[in-house]
Each structure stands twice: as C-alpha cells, then as structure tokens.
Amino acid sequence: MDGSQPYNPRTVEEVFRDFKSRRAGIIKALTTDVEEFYQQCDPEKENLCLYGFPNEQWEVNLPAEEVPPELPEPALGINFARDGMPEKDWLALVAVHGDAWLLAVAFYFGARFGFDKADRKRLFNMINDLPTIFEVVSKKQVKDKSSVSNHSSSKSKSNSKAKGSELKFPKPKEDEDEGLDDEEEEEHGDTLCGSCGENYASDEFWICCDICEKWFHGSCVKITPARAEHIKQYKCPACTNKRARP
C-alpha cells in the first residue's frame with residue numbers, strides 16, 4: 001500500500017507527530033475528499049479499511065495479509081455499512097473507528113519502544129489536546145446543516161412536533177436567544193431521561209417517544225441528531241419491545 005513503508009517513531013514527540021499526520025489524512029478523507037472516499041467504499045467490494053499515513057494522505061484498501069500485521073489494523077469492512085444508514089451517520093461511525101485506530105497505533109509504538117508511565121501519560125495528554133476525528137467531522141456536519149437551515153426560515157425550533165414529522169425535540173440553548181424564558185426553564189427543568197433518570201440539559205440532544213411521550217438522551221437510546229432527521233415516528237426501546245410481542 002502507498003505510504004505503508006516501515007516507519008518506527010521511537011520518542012513521544014515522534015509518535016505524536018505520526019499520530020497527527022495519520023489523523024490529518026483520515027480527516028481529509030472524511031471532509032474535503034468525502035465524495036472520493038464515498039465512491040471508493042463500494043459495498044459490493046471485499047472488506048475495506050481506511051488508512052491514514054504519516055505523509056498526511058489516506059487510502060481505502062484491503063487489510064494486510066500477514067498475521068499478526070506489522071501495525072494494528074483499522075476497522076474492517078467499513079464499506080458494507082455505507083448504504084445501510086444515512087451518509088452523515090456512516091461518516092460519523094467511520095470517524096469513531098478512525099479515532100480508535102489512531103490510539104491503537106500510537107500506543108502500539110509506545111509499548112514497542114518501552115514508554116514508561118510518564119511517557120504514556122505525556123503522549124495521551126498531547127493526543128487529548130487535539131479534537132477527535134469524530135468531533136471534527138460532527139462539527140463540519142453541524143456547520144453545513146446550519147448553512148442550509150439559514151436559508152429556510154420555515155423550519156420550527158420549538159419544543160412541539162416538527163411539521164411533517166412525529167419527532168419532538170427540546171429547544172436548544174442558542175446564543176441569540178440570550179437565555180431561556182422562565183416558563184421554558186420551568187417546563188423542562190424537571191424533565192428526566194426515561195433511560196438514565198438524569199435531568200434535562202438544554203445543551204444535550206433529547207428525543208421524545210411518540211408512543212409513551214417520555215424524553216430520552218439521544219446518547220442513551222443511541223439516536224444521533226442526524227439519524228433523528230430520518231425517523232418519522234420514534235418509538236423508545238420499551239415501546240418497541242412491547243409492540244414486538246405477540
């Protein structure tokens with residue numbers, strides 16, 4: 001594979017530089033080169049992986065044949081899920097796997113070259129100061145969505161059901177609002193997540209079940225804002241299980 005020549009960073013700084021370069025390559029694939037990346041991930045092909053290289057380039061290719069491989073391998077078969085979910089969700093999933101792979105490679109080097117506890121901690125702190133690939137991709141998606149929504153004033157941002165959909169969303173806390181009204185705070189302040197039991201927070205994504213009308217953190221029921229856009233009627237896990245019974 002291009003860019004896969006032996007490369008062995010031996011110091012914390014070298015490993016971190018390798019991490020940043022591979023990260024830049026994957027981010028490029030999922031943002032600026034996203035159309036090309038999408039086309040290369042054909043579900044009809046064999047198991048494919050997304051690689052980031054120390055030269056800040058990326059490649060979609062088959063996994064290494066040797067076992068065990070010289071370096072940890074990225075998530076296998078990312079192409080199979082491409083057409084099975086909304087594109088934004090698929091890109092977010094690939095981004096998460098990319099983050100996991102980068103950490104695996106970095107700490108593989110750390111273990112191979114005997115990094116002690118202090119070196120591992122320093123390496124992690126350096127990595128942790130950077131936004132994850134998932135955060136970068138999600139931020140771009142939100143920015144793109146905001147650009148589109150600015151041209152459509154007909155979309156409601158209220159707590160009621162969205163027009164043409166059975167989804168309901170708590171009103172987000174936006175900068176231009178200069179704070180929520182007292183009535184809105186009272187309305188949502190005591191709302192509890194039907195899954196974890198924690199209180200409503202205006203800076204978190206929530207979704208309401210159209211059957212039992214309970215609110216849930218999106219993270220608790222594994223629903224992202226991007227995925228919610230494609231759901232016409234949301235049923236929480238409990239209501240889904242009830243309806244599945246004979």
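Values in this document were obtained by computation on a predicted structure and should not be read as measured data. Residue indices begin at 1 and follow the sequence shown.
Within the model, atoms CG of Leu62 and SG of Cys49 stand 8.0 Å from one another, a figure rounded to the nearest 0.5 Å. For the atom pair CD1 (Ile27) and CZ (Arg22), the distance works out to 14.5 Å, reported to the nearest 0.5 Å. Remark: Cys41 SG to Leu48 CG distance equals 6.5 Å, nearest 0.5 Å. Rounded to the nearest 0.5 Å, atoms CD (Glu59) and CD1 (Ile26) are 12.0 Å apart. Here Cys193 contributes atom SG and Phe216 contributes atom CZ; the two are 6.5 Å apart, rounded to the nearest 0.5 Å. Once rounded to the nearest 0.5 Å, the distance linking CH2 of Trp101 with OH of Tyr51 reads 8.0 Å.
The side-chain heavy atoms of Leu102 and Ile127, taken from C-beta on, include no pair separated by under 4.5 Å. No side-chain heavy atom of Phe205 sits under 4.5 Å from any side-chain heavy atom of His217. Using a 4.5 Å cut-off on side-chain heavy atoms (C-beta onward), Cys212 and Cys236 make contact.
In this structure, the side-chain contact (heavy atoms from CB on, under 4.5 Å) partners of Asp89, at least two apart in sequence or on a different chain, are Met85, Pro86, Thr224, Ala226, Arg227. Residues passing the side-chain hydrogen bond (donor to acceptor under 3.5 Å, both in side chains) test with Trp58 are Asp33, sequence neighbours excluded. When the side-chain hydrogen bond (donor to acceptor under 3.5 Å, both in side chains) test is applied to Asp83, the partners found at least two apart in sequence or on another chain are Tyr38. Legend: residues meeting side-chain contact (heavy atoms from CB on, under 4.5 Å) with Leu130, ordered by chain and number and at least two apart, are Phe16, Phe19, Lys20, Arg23. By the ring-ring contact (aromatic ring centres under 6.0 Å, His included) test, His97 pairs with no residue at all, sequence neighbours left out. Take Tyr108 and apply the side-chain contact (heavy atoms from CB on, under 4.5 Å) test, not counting sequence neighbours, and it matches Leu71, Pro72, Arg112. In terms of the ring-ring contact (aromatic ring centres under 6.0 Å, His included) criterion, Phe134 has no residue partners (sequence neighbours excluded). Among residues two or more places apart in sequence or in another chain, the side-chain contact (heavy atoms from CB on, under 4.5 Å) test is passed with Glu66 by Ala64, Glu70. Considering only residues two or more places apart in sequence or on other chains, Glu36 meets the side-chain hydrogen bond (donor to acceptor under 3.5 Å, both in side chains) condition with Gln40.
When all heavy atoms are compared, the tightest approach of Ile223 to Tyr234 is CG1-CE1, 4.0 Å. The nearest pair of heavy atoms linking Asn47 to Pro63 is O-CD, 3.6 Å. Nearest heavy atom pair, residue Glu56 against residue Lys28, reads O-CD, 4.4 Å. Across Ala29 and Phe37, no two heavy atoms sit closer than the pair O-CB, 3.4 Å. Across Leu192 and Gly197, no two heavy atoms sit closer than the pair CD2-O, 3.5 Å. Shown here for Pro131 and Val136, the closest heavy-atom pair between the two residues is CB-CG2, 4.0 Å.
Looking at Asp99, its side chain does come within 3.5 Å of a backbone N or O of Ile133 through a donor-acceptor pair. Remark: side-chain polar atoms of Asp42 are not paired, donor with acceptor, to backbone N or O of Asn79 under 3.5 angstrom. Between the side chain of Gln57 and the backbone N or O of Phe53 there is no donor-acceptor pair closer than 3.5 Å.
Residue pairs meeting the side-chain hydrogen bond (donor to acceptor under 3.5 Å, both in side chains) criterion with at least one member in residues 115-124, sequence neighbours excluded: Glu13-Arg122. Here ring-ring contact (aromatic ring centres under 6.0 Å, His included) pairs that include residues 61-89, with residues two or more places apart or in two chains, number zero.
Neither Val94 nor Val96 shares a network with the other; the hydrophobic side chains, linked directly or stepwise wherever heavy atoms of I, L, V, M, F, W or Y lie under 4.5 Å apart, form separate groups for each.
When hydrophobic side chains of Ile, Leu, Val, Met, Phe, Trp and Tyr are connected at separations under 4.5 Å, Leu76 ends up as a singleton with no cluster partners.
More than 12 heavy atoms of other residues, nucleotides or ligands lie within 6.0 Å of CD in Glu87, so this atom counts as buried by the packing criterion.
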Begin with the C-alpha distance, continue with both residues' side-chain angles, and end with the deciding distance and a verdict on side chain to side chain contact (heavy atoms under 4.5 Å, CB included) for Phe107 and Phe124. CA-CA 9 Å; Phe107 281 86; Phe124 177 79; 4.0 Å; yes

